[in-house]
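By convention in this document, chain letters (A, B, ...) are assigned in the order of the sequence lines, proteins followed by strands, and residues within each chain are numbered from 1.
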Amino acid sequence: MQYHFNDIEAKWQKYWAENQTFKASNTSDKPKYYVLDMFPYPSGAGLHVGHPLGYIASDIYARYKRHKGFNVLHPQGYDSFGLPAEQYAIQTGQHPAITTETNIKTYRRQLDQIGFSFDWSREVRTSTPEYYKWTQWIFIQLFESWYNNTTNKAEEISSLIKIFSTEGNANVNAVCDDNIEIFSAEQWNEFSPEKQQEILLQYRLTYLAETEVNWCPALGTVLANDEIVNGVSERGGHPVMRKKMTQWSMRISAYAERLLQGLDTIDWTDSLKESQRNWIGKSVGASVTFNVIPSVSSSAVETYHQIEVFTTRPDTIFGVSFMTLAPEHELVSQITTPEQKAEVDAYILATSKRSERDRMADVKTISGAFTGAYAEHPFSKEPIPIWIGDYVLAGYGTGAVMSVPCGDQRDYDFAKHFNIDIPNIFEGADISEAAFTSKDNVKIANSDFLNGMNYKKATKRAIYELEQLGQGEGKTNYRLRDAVFSRQRYWGEPFPVYYVNGMPQMIDKQHLPITLPEVEKYLPTETGEPPLGRADVWAWDTNTNTVVSNTLVSSSAVETSKDNGIYPLELNTMPGWAGSSWYFFRYMEEKANRGEDFASKDALNYWENVDLYIGGSEHATGHLLYSRFWVKFLKDRGFVGVEEPFKKLINQGMILGTSAIAFNITNVRVSKLKEPYKVDNDKIYVSIERLNYGTDTKVNVIVSKEILFESTNMKSSVNSSAISELHHDPSKQNKLFNEILNTLNLEEEIKSDLLEGKAVLTYYINPIRIDVNLVNASDEVDVEKFKSHKTSKDYLKALFISEENETFIVGREVEKMSKRWLNVVNPDNICEQYGADSLRLYEMFLGPLEQAKPWNTAGITGVHGFLKKLWKLYVGENGVNVNNAEPTKDNLKSLHKTIKKVQEDIENFSFNTSVSTFMIAVNELTQQKCTSKAVLEPLLVLLSPYAPHITEELYSQLGNTTSISTAPFPEFDASHLVESSKNYPISFNGKMRFTLELPMDMSKDDIEKTVMAHEKTIAQLDGRTPKKIIIVPGKIVNIVG
RNA sequence: GCUGAAGUGGUGGAAUUGGUAGACACGUUGGACUUAAAAUCCAAUGUCCAUUAGGACGUACGGGUUCAAGUCCCGUCUUCAGUACCA
């Protein structure tokens, strides 16, 4: 009987589905354990072998926990709103819902064939109305809430209205917009409803405001900060610019401190926590207010301006010699003097033209302009010139700084550049070359009441003095900005919002979901409105509470008499992270039981939060921060009972592809030389240079019969190793050269010119990637297949470095696995050829879970061979050969060694080492010719989380009628591992020379006697007397001579 | 620049509190079986020297601590990831 993995795997996958083997219960006596994967976006390309890595790891853990007696929740679903389906819709007109449905089918088929123990009865899809109804509902809850800084939690907006109407807002300690108008209770009660709503909007946790946003013209939408990488969009790499737009925002800044503190309570990696800490960016300091000195030439009605700055170094306040405002700062236009206006305007214009990316690329250039205005130093009352400069960012702090050139390098450089005074306020510091930026071991000088104090004391005193003047206070600043929540896209959650007189109104819960309207095209409208602007039926009728045709919206809703109660609906949709910020709660309820809540109280109380979450590190500052924010909010409002969504989190490393690189000759030229080149010893001279444009590499060759390398000046690049491999291998180079000569069909005269050094040959080569599926394990390209392959059409004339017998060898380059690099390996093929169990084992065997590692299909034969060996251990020619034979000592030792190691490995997520442990166990038991059921059956249970199909099959062949997944994990018994002797390594001066088998219970003295009497010891010592003998019983003997 | 992680055979990677470096695989080489191939099995495989016995070197580089260092300490270099005028 052979190991027919395809049949076995299909059989058990069917069994699990039919018996709902992995269905979790919401009522169980067992302890609960919730294992979650970051759910995938179902892309059209399907899964490649990199995707399941994390799923396999979490599946092993989930299965292990079941063996250990836990009630395990291990669900899966789809993050099915998103850009690719929409882009595809724009190109083809196909509705994204259809594309998504098709892609999900492919994903499900691929996931099923790998044998995951998912409970599919709880599946979620973020793009279904039954799901996004609750995303809309959470949005409404955020709208109906404000953040009370006194109770330090979110509260219902009604409590705020109550305060406003009884005492005004002067004493409200809330997180709100910066420029809040102060009013009394009387004033509040007299405000018009519109005015009241306008004010409330400044307090709500999601709010509509004109904000400076990241606008991506190529994508036609705004992007959140975490969707921008290096100044370009994360998706597609398009340029991004700053633009003022009215958008929905999430007041995540209200939770900055709690998001920071919460990190200490969860088991995440330090690097991930560090990323979040940096993103939140807490800095403690003071805010200081500077009065602008009124200019003499200003008009009769004098206006007094104040500039507020944030500083982490209030102790250096006497070192201020100028102030710098961001060019976008709102005061700039008001304080600039007429004489300086032209210069300032020119500077503002120049900086506004620079894109974010240019600004980042060019940090070195110092630029700025003097406004002509002066501020007054709060203590010395000296005038301080006010400058503008683009090193001050409008988006951080107040967009203005007090510049202390002696203590801050950027201020220092700016002052040097513009010849501004650099007063030194540090005792004994040398500031002739650079600013003195250290806080430690220095005393403040030339600073009035701060003289002689250290950083800590001076900071405290400076803040105190500022408070006395009413010109400052201690303040904590966060880098974390409120998150823009609108997207100008079609394929996202519609907002449950309509507008009356321009003010947003929420639609009642009972009328949700507001489903996406149909549009005839998925592009923005001609007038620049989002795609929903194309919908004909997209207005809200407050009489019937239904979505109705746009044409019914009364044209002059401003006049209440003509108001027919039909209003326009919001045209934006929600961003991708909306649906993924709470999906883990939705899984807590089976689809069939989902009722009138996003999850029932019982389910929420039972499952609490995710015990183990596995996914990619790319979500460090996006999804993982937003989810934490929403969970904290839901907790504040009493909708859930937990403060953090994910207790433990592991980032799986990326599986990299091994691209196949060949070389395409893009251009060849022969130029005659004025002076013939002196050809030495029949050599060919080659020089290579990398061109500045494109990816081409230019190669000059002066030809003779044999190749020699004259010079190379290669710059590093993605393809450098493959190119230099080509150019440093003379035989490859020679072949390439001959290929070129033959292909060109050169005239004999030119050929001889080249060979005589009278002409130079220049060619340009471009490394191209060849689909890895057309290359075998020996790096040979299947040329026939390549020429007919769809990805080759551009390269039909491609030249290869050919070896003998028409084989073409490619170079290799490890890079991200992606369709674009033609290096994608499909798990379907692997499952078909080797089986899902082999795939699972191999992905784990590749290396540590959290580490990036290259995929190499050739290596899978190792684990596949192991499974065949395992099969042969249980099943002989004539059926199962496992019996009730008494296990031998060796059998038990092998088994219990394995139990111990595997259990430790799983708990430490060291899955790669447990695969080797299984291999060792099977090798040993095969050697021992073990047939004992008492040993072989527990071994199956140990292995079943990793290779569930083959173990189910063998388990049933041993006579079991239940699924192996319900079997308890074998108990480790240390008594089987007790050794009676130890093979001691005998070292001389720390170098191991030979080993010696000695009894475990031998005393130190006896060990010494035995070792010293040994003939090899005597030979090693060669008559010398050892100085010292180190004996560590059970470990080592070291003789120092 | 800053923060974090990491540098071990031809390759992926093992190595518990400092205690036999290179487990387990891939690859390579040789052999068995076969008409042949595949599959399977056996053996060798860090580098160098040596006919053998054996020896020298060896965990990025340079120092140090220790009877003993891949592991601990100091310095240097390199790679990867994240982040960046954050006041």
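Contact check, A:Lys868 against B:U40: a side-chain N or O comes under 4.0 Å of OP1 or OP2. Within the 4.0 Å cut-off from OP1 or OP2 of B:A84, at least one side-chain nitrogen or oxygen of A:Arg479 is found. A sub-4.0 Å separation between OP1 or OP2 of B:G27 and a side-chain N or O of A:Asn856 is absent. In this model, the phosphate group of B:A87 is approached by a side-chain N or O of A:Ser283 to a distance below 4.0 Å at OP1 or OP2.
Aromatic ring pairs are classed by plane angle as parallel below 30°, tilted from 30° to 60° and perpendicular above 60°; the pair A:Phe426 and A:Phe436 is tilted. The aromatic rings of A:Phe310 and A:Tyr396 sit perpendicular, their planes meeting at an angle over 60°, well past the 30° parallel limit. Relative ring orientation between A:Phe414 and A:Phe418 is described as tilted, the plane-to-plane angle lying within the 30° to 60° band.
B:G30 sits 23 Å from B:A50 when the P atoms are compared, rounded to a whole Å. Nucleotides B:C61 and B:C77 have their C1' atoms positioned 7 Å apart, rounded to a whole Å. Atom C1' of B:C26 sits at a distance of 31 Å from the matching atom of B:G18, rounded to the whole Å. Annotation: B:A5 and B:G27 have their C1' atoms spaced 29 Å apart (nearest Å). The same atom, C1', is picked in B:U83 and in B:G13; the two are 30 Å apart, to the nearest Å. The separation of B:A23 from B:G46, taken at their C1' atoms, amounts to 14 Å, rounded to a whole angstrom. Here, B:A81 and B:U45 have their P atoms 38 Å apart, quoted to the whole Å. Nucleotides B:A69 and B:C49, compared at atom P, are 27 Å apart to the nearest Å.
The separation between A:Arg481 atom CZ and B:C86 atom C1' is 10 Å, rounded to whole Å. Rounding to whole angstrom units, NZ of residue A:Lys1016 and C1' of B:G55 are separated by 15 Å. In this entry the distance linking NZ of A:Lys929 with P of B:C41 reads 13 Å, nearest Å. The CG-P distance, from A:Asn989 to B:C57, rounds to 12 Å in whole Å. Summarising the geometry, the separation between CH2 on A:Trp279 and C1' on B:U83 is reported as 9 Å, rounded to the nearest angstrom. Distance A:Asp390 CG to B:C85 C1': 9 Å, rounded to the nearest Å. Across the protein-nucleic acid pair, A:Met919 atom CE and B:A25 atom P stand 6 Å apart, rounded to whole Å. Between the CG atom of A:Asp315 and the P atom of B:A87 there is a distance of 13 Å, rounded to whole Å.
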Could you list, one pair per line, each protein nitrogen or oxygen that sits under 3.5 Å from a nitrogen or oxygen of nucleotides 12-21 of chain B, together with the distance?
unit_1 : atom_1 : unit_2    : atom_2 : d
B:G12  : O2'    : A:Leu846  : O      : 2.6
B:G13  : OP1    : A:Gln851  : NE2    : 2.7
B:G13  : O3'    : A:Asn912  : ND2    : 3.4
B:A14  : OP1    : A:Asn912  : ND2    : 2.9
B:U17  : O4     : A:Lys1035 : NZ     : 2.7

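Among the heavy atoms of the strands lying under 4.0 Å from A:Asn923 are primed sugar atoms or P, OP1, OP2 only; no base atom is included. Here A:Arg277 lies out of heavy-atom contact (under 4.0 Å) with every strand. Residue contacts shown for A:Lys1027 are absent, as no nucleic acid heavy atom lies under 4.0 Å away.
The side chain of A:Lys1028 lies closest to B:C67 when the candidates are B:C67, B:C24, B:A87. When the nucleotides B:C41, B:C24, B:C85 are ranked by their closest atom to the side chain of A:Leu393, B:C85 comes out on top.
For the pair A:Ile860 and A:Phe845, the minimum side-chain heavy-atom distance is 4.5 Å or more. A heavy-atom distance below 4.5 Å is not found between the side chains of A:Thr898 and A:Ile920.
Under the 90° criterion around 0 for the glycosidic angle, B:G27 counts as anti.
Here B:C72 sits opposite B:G64 as a Watson-Crick or G-U wobble pair (both hydrogen-bonding atom distances under 3.5 Å). Across all strands shown, nothing is found opposite B:U52 as a Watson-Crick or G-U wobble partner with both distances under 3.5 Å. Under the Watson-Crick or G-U wobble criterion, with both distances below 3.5 Å, B:C77 is paired with B:G7. Nucleotide B:U35 is matched to nothing when pairs are restricted to Watson-Crick or G-U wobble geometry with both distances under 3.5 angstrom. With both pairing distances under 3.5 Å, B:C57 is matched to B:G46 as a Watson-Crick or G-U wobble pair. Both distances falling under 3.5 Å, in either a Watson-Crick or a G-U wobble arrangement, place B:G1 opposite B:U83. Across all strands shown, B:A23 forms no Watson-Crick or G-U wobble pair with both distances under 3.5 Å.
Closest of all the heavy-atom pairs between A:Met1000 and A:Lys982 is SD-CB, 3.6 Å. Closest non-hydrogen pair, A:Phe5 versus A:Gln833, comes out as CZ-O, 3.1 Å.
Every residue two or more places apart in sequence or in another chain was checked for a ring pair (Phe, Tyr, Trp, His ring centres under 6.0 Å) with A:His417, and none qualifies.
There is a side-chain donor-acceptor pair under 3.5 Å between A:Ser981 and A:Glu997.
Interatomic distance, A:Leu625 CG to A:Leu259 CG, rounded to the nearest 0.5 Å: 5.5 Å.
Each of A:Ser271 and A:Ile1039 was matched to the nucleotide of RNA chain B holding its nearest heavy atom; the match closer to the 5' end belongs to A:Ser271.
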